[in-house]
Amino acid sequence: MRLKWLQNKLTFVIIPEANGSVMRVKMSRGELYLALLGIILLLGTASYLYGVYFHSSAAAQLTEARVNDQTSRLEQDLTNKNKTIDHLQNEVFQLSQQAAEVRSQMEQMKQLEHELKKLTSMKETQSGSGSEDASEVKAQAAGGMGGPAHLVTTQQMNTLFHTTHASYIALKQEIAELQAHWTQSKQSMLAKQDQLLRIPSLWPTHTKTITSAFGYRKDPFTDKLSFHRGIDIAGKMNDPVYASAKGTAITAGYDKFHGHNIVIDHGNGVHTWYMHLNGILVKRGDRIERGQQIGKLGTSGRSTGPHLHYEIVHNGKSTDPKPYLPNR
Ligand SMILES: [Zn+2]
């Protein structure tokens, strides 16, 4: 029944314009459905293919844009990195130049130290090596520059970096050594300076008139030959009396022979004596500076008038103070 329905013939009449003859197309219902189905399938496939083509084309364009974008970013990145590498290479080069400069200055400091040690006649200590670099730098600094440009390889750059690094480490070490040497030198110089300050080398009074010299003389009281162990310097009552060197007061007192008197110990077996004072400004045990006023000139004890008896004792033996006094 259904099959018969499908086989039923349908006639389509196509009427052209004007005088054309009429066309008749006969087909069964089944054939019509088949034809319609075919057209629908064809249209479907076509639109599907068009869709796929459109989609893939758009995707390809998008991918291409992304790739282009990424490429330009990578190129920019590479340019920046190259710039950074150039900058770093320059930095390493500058550092290596500075290291050479510091090395040169270090050599000058060592030379200075050497000269200072000679001046203070101290025992010289060893202090590193490597003056050849400094002379190289000086040689490079002079004259013009030129020649073909050769790009620096990574290996060369690494070598320069390591050399510079090693140079800084060595410099740090040498600076520490130099510091230690200079501290030692300073201590030695201070000790030397202290020793110099302890040598009697000043006039103990303002007046520089010696009224009685060191050596044999006729005693002013007995008129008999006696030995004068110091010098007598003229002055007025209460004139200031100064310590001729740095030291420690070991006597500050009075007895009937020396009157008010002071003895200063300067170390190395050297003592100075100041006698017949009218007043004492220090006490036993006081640390005395070179040039410090210690008393007032007088005529106490076995004395005929205002004067200072000044005496230098070296290892227990009186010695002539005159060679110790500065020229007038
Ligand atoms: Zn005297």
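When a residue number appears, it is its place in the shown sequence, counting from 1. What you are looking at is a predicted structure, and each value in this text was computed from that prediction instead of being measured. In each ligand, atom 1 is the first atom listed, and ligand 1 is the first ligand listed. Side chains included, hydrogens not; waters and symmetry mates left out as well; all remaining heavy atoms used.
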Distance, nearest 0.5 Å, that separates CG of Leu325 from CD1 of Ile312: 6.5 Å

Any carboxylate oxygen within less than 4.0 angstrom of a Lys/Arg side-chain nitrogen, looking at Arg73 and Asp69? yes

His258 ring center within less than 6.0 Å of His309 ring center: no

For His271, what residues pass the ring-ring contact (aromatic ring centres under 6.0 Å, His included) criterion, not counting sequence neighbours? none

Distance filter under 2.8 Å, centred on the Zn ion (ligand 1) - protein N, O or S atoms that pass it: His228 NE2, Asp232 OD1, His309 ND1

Distance-only, no hydrogens or angles: does the Ser201 side chain make a donor-acceptor pair with backbone N or O of Ile199 under 3.5 Å? yes

Co-membership, hydrophobic cluster, residues Phe161 and Leu95, 4.5 Å side-chain: no

